[in-house]
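Here the structure is laid out as structure tokens; the discussion comes afterwards.
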Amino acid sequence: MARLSKSNVPQFSVDVYQNEHLPEGGREVNAIVTVTATGGGTIGAAVTAPHLFGPGRGPSAAVAVMVDCSGSMDYPPAKMRNARDATAAAIDTLRDGVHFAVIGGTHVAQEVYPGGGRLAVADPTTREQAKQALRKLSAGGGTAIGTWLRLADRLLSSADVSIRHGILLTDGRNEHESPEDLKAALDSCAGHFTCDARGVGTDWEVKEVTGIASALLGSADIVADPAGLAADFTRMMETTMGKEVADVALRVWTPVGAVIKFVKQVAPTVEELTGRRTEAGPRAGDYPTGSWGDESRDYHLCVEVPPADIGREMLAARVSLVVPQPDGTVQNLGAQGLVRAVWTDDMAASTSINPQVAHYTGQAELAQVIQQGLELRKSGDFEGATAKLGRAVQLAGASGNADTAKLLAKVVDVVDAATGTVRLKAKVAEADEMTLETRSTKTVRVKK
């Protein structure tokens with residue numbers, strides 16, 4: 001739980017973009033809620049609340065790096081060396097005062113550094129000791145990722161810090177525990193720490209890696225070439241060191257008769273939050289968003305309201321931001337957004353689609369049709385795959401999602417992007433297909 005005073009957090013703001021007009025009897029209200037955190041900064045936060053921070057500049061934090069040491073990490077032999085180098089680079093990026101540990105993962109989880117069921121505190125000496133310990137890492141054994149996560153949870157929970165985060169690297173499938181065991185581990189760890197997950201090479205399962213990151217509110221990506229691991233680990237750790245507030249929840253209140261149809265993050269990635277609601281008093285629910293630094297994210301909120309006559313107005317939802325406190329209370333971060341419903345007989349007003357809502361509806365569909373298209377391709381339904389991936393090309397082009405368009409062009413030959421006319425490529429590199437699937441939920445922001 002984060003311990004916060006109003007002086008030690010960035011300033012949060014909430015902006016709501018919607019068409020509030022409904023036709024007579026209309027019930028569905030859609031809004032894009034933009035949440036922005038600015039002005040905290042690790043230096044500023046450390047100065048305004050030094051009692052909450054270690055000797056380094058920035059919020060107190062604990063990080064566990066989980067490195068796959070299964071037998072497959074020896075093929076090719078450079079893969080294990082790249083993983084050691086990447087972990088060393090991540091350790092070098094830690095602020096002084098940050099608590100940390102390195103875990104070696106096989107069919108069991110082993111404490112590589114510091115050992116003894118504890119965390120080290122980053123300084124020049126412990127960083128060097130950790131890097132020395134990394135040299136002893138060798139490949140051998142199976143893969144049971146749930147055991148790695150549970151050990152990380154135990155170690156991270158031992159630290160009295162504001163931010164708890166994991167970095168997980170795997171090169172293979174989770175073959176030495178059941179899917180139920182992994183899910184149980186994720187359920188156990190959810191809300192305790194956030195976690196970024198990376199798959200190296202092409203022998204791992206995309207849905208496992210993206211599922212880990214999704215459950216623990218982190219990022220997922222592919223590092224197809226192990227030589228790129230060090231740069232990727234450095235970027236991940238730099239992002240972690242920039243986090244200032246943990247456990248932020250989007251609190252949504254609705255009036256009597258209104259029902260939340262869904263809440264999803266839509267930028268920078270699509271992430272379904274509806275099923276993660278926890279009740280927060282009469283007609284209010286909290287949706288977890290994880291840790292924040294100086295950044296901005298967009299959420300799509302859909303509310304079903306009772307039908308009403310022309311001329312009626314109502315507050316459909318109130319959105320605020322809260323952080324749970326150790327004593328069981330919550331701190332309100334002071335930002336609020338209102339979602340409204342106004343019934344009108346102006347046909348032009350009630351049928352107009354808000355540009356932000358339209359954009360992100362398309363981005364969510366883009367992620368869905370990419371995943372559906374790749375599944376159909378794997379199953380041999382090439383006609384169905386062509387239709388879905390053609391629609392993806394059309395959506396990516398229309399929304400300006402150039403990165404996704406480039407990834408799609410490695411899987412299909414684009415005949416006409418505007419109409420979504422494509423042909424499946426006869427041969428597709430496995431890394432290209434996995435990269436498209438892994439990054440399918442990445443979105444571009446609407447130009448406001």
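Owing to the predicted nature of the structure, the values given are computational and were not obtained by experimental measurement.
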How about Phe100 and Tyr113: are their ring centroids closer than 6.0 Å? yes
When every non-hydrogen atom of Thr106 is compared with those of Gly140, the smallest separation belongs to CG2-O, 3.2 Å
side-chain contact (heavy atoms from CB on, under 4.5 Å) between Arg251 and Arg318, worked out: CA-CA 8 Å; Arg251 176 163 289 183; Arg318 182 173 61 240; over 6 Å; no
Non-hydrogen side-chain atoms of Phe233 and Leu169 separated by less than 4.5 Å: yes
Determine whether the side chains of Asp68 and Ser70 contain a donor N or O and an acceptor N or O closer than 3.5 Å. yes
Name the residue from Val35, Thr38, Thr34 that meets the side chain to side chain contact (heavy atoms under 4.5 Å, CB included) definition with Ser296. Thr34
Thinking salt bridges, do Lys388 and Glu375 make one under a 4.0 Å N-O criterion? no
Residue pair Gly104 / Cys69: nearest heavy atoms and the distance that separates them: CA-SG, 4.0 Å
Find out whether Arg150 and Ser188 are in side-chain contact, i.e. whether some heavy atom of one side chain is under 4.5 Å from a heavy atom of the other. yes
Using distance alone, with no hydrogens and no angle criterion, decide if Asp432 and Thr435 have a side-chain donor and acceptor under 3.5 Å apart. no
Where do Arg423 and Val412 land on the side-chain contact (heavy atoms from CB on, under 4.5 Å) test, with the steps shown first? CA-CA 5 Å; Arg423 289 189 298 267; Val412 298; over 6 Å; no
Taking NZ, NE, NH1 and NH2 as the nitrogens, is one of them in Asp203 or Arg173 under 4.0 Å from a carboxylate oxygen of the other? no
Any chance the side chains of Ser162 and Ser60 put a donor and an acceptor closer than 3.5 Å? yes
Using side-chain heavy atoms (C-beta onward) and a distance below 4.5 Å, is Leu389 in contact with Leu408? yes
Between Trp292 and Phe12, how do the two ring planes meet: parallel, tilted or perpendicular, split at 30° and 60°? perpendicular
When you check the side-chain N and O atoms of Gln129 and Thr125, is any donor under 3.5 Å from an acceptor? no
Do the side chains of Val422 and Asp413 get nearer than 4.5 Å, heavy atoms only? no
pair Arg118-Leu155: side-chain heavy atoms closer than 4.5 Å: no
Answer yes when Arg377 and Glu437 have at least one side-chain N-carboxylate O distance shorter than 4.0 Å, and no when they do not. no
Considering non-hydrogen atoms only, spot the tightest contact between Asn82 and Ala227 and give its length. OD1-N, 3.8 Å
Side-chain donor-acceptor pair under 3.5 Å between Ser291 and Arg164, yes or no? no
If you count heavy atoms of other groups shown closer than 6.0 angstrom to OH of Tyr75, is the number above 12? no
Given Tyr17 and Val357, is the side-chain contact (heavy atoms from CB on, under 4.5 Å) satisfied, shown in steps? CA-CA 8 Å; Tyr17 301 90; Val357 172; over 6 Å; no
Is it true that Arg127 and Asp96 have a side-chain N and a carboxylate O under 4.0 angstrom from each other? yes
Set out, in order, the CA-CA distance, both residues' side-chain angles and the distance that settles side-chain contact (heavy atoms from CB on, under 4.5 Å) for Val14 and Val33, then state yes or no. CA-CA 7 Å; Val14 175; Val33 178; 3.6 Å; yes
Any Met66 side-chain heavy atom under 4.5 Å of Cys195 side chain: yes
May I ask you to check whether Thr194 and His165 show a side-chain donor-acceptor distance below 3.5 Å? yes
Is any side-chain heavy atom of Leu149 less than 4.5 Å from a side-chain heavy atom of Leu182? yes
So, for Gly117 and Glu111, which heavy atoms are closest and what is the spacing to 0.1 Å? N-OE1, 2.7 Å
Salt bridge Glu271-Lys264, side-chain N to carboxylate O under 4.0 Å: no
Lys425/Glu433 salt bridge by N-O under 4.0 Å criterion: no
In a check of side-chain hydrogen bond (donor to acceptor under 3.5 Å, both in side chains) between Tyr360 and each of Asn30, Thr443, Asp298, which one passes? Asp298
Can we say Arg235 and Asp232 salt-bridge, meaning some charged N sits less than 4.0 Å from an Asp/Glu carboxylate O? yes
Just by modelled atom types, is the Gln325 backbone N or O under 3.5 Å from a matching donor or acceptor in the Gln331 side chain? no
Restricting to non-hydrogen atoms, name the atom on Ile212 and the atom on Ala197 that form the minimum distance, rounded to 0.1 Å. CG2-CB, 4.2 Å
Check whether any side-chain heavy atom of Val323 lies under 4.5 Å from a side-chain heavy atom of Leu333, and answer yes or no. yes
Do Asp286 and Arg277 meet the salt-bridge criterion of a basic N to acidic O distance under 4.0 Å? no
Check the side chains of Asn401 and Ser399 for a donor-acceptor pair under 3.5 angstrom, ignoring hydrogens and angles. no
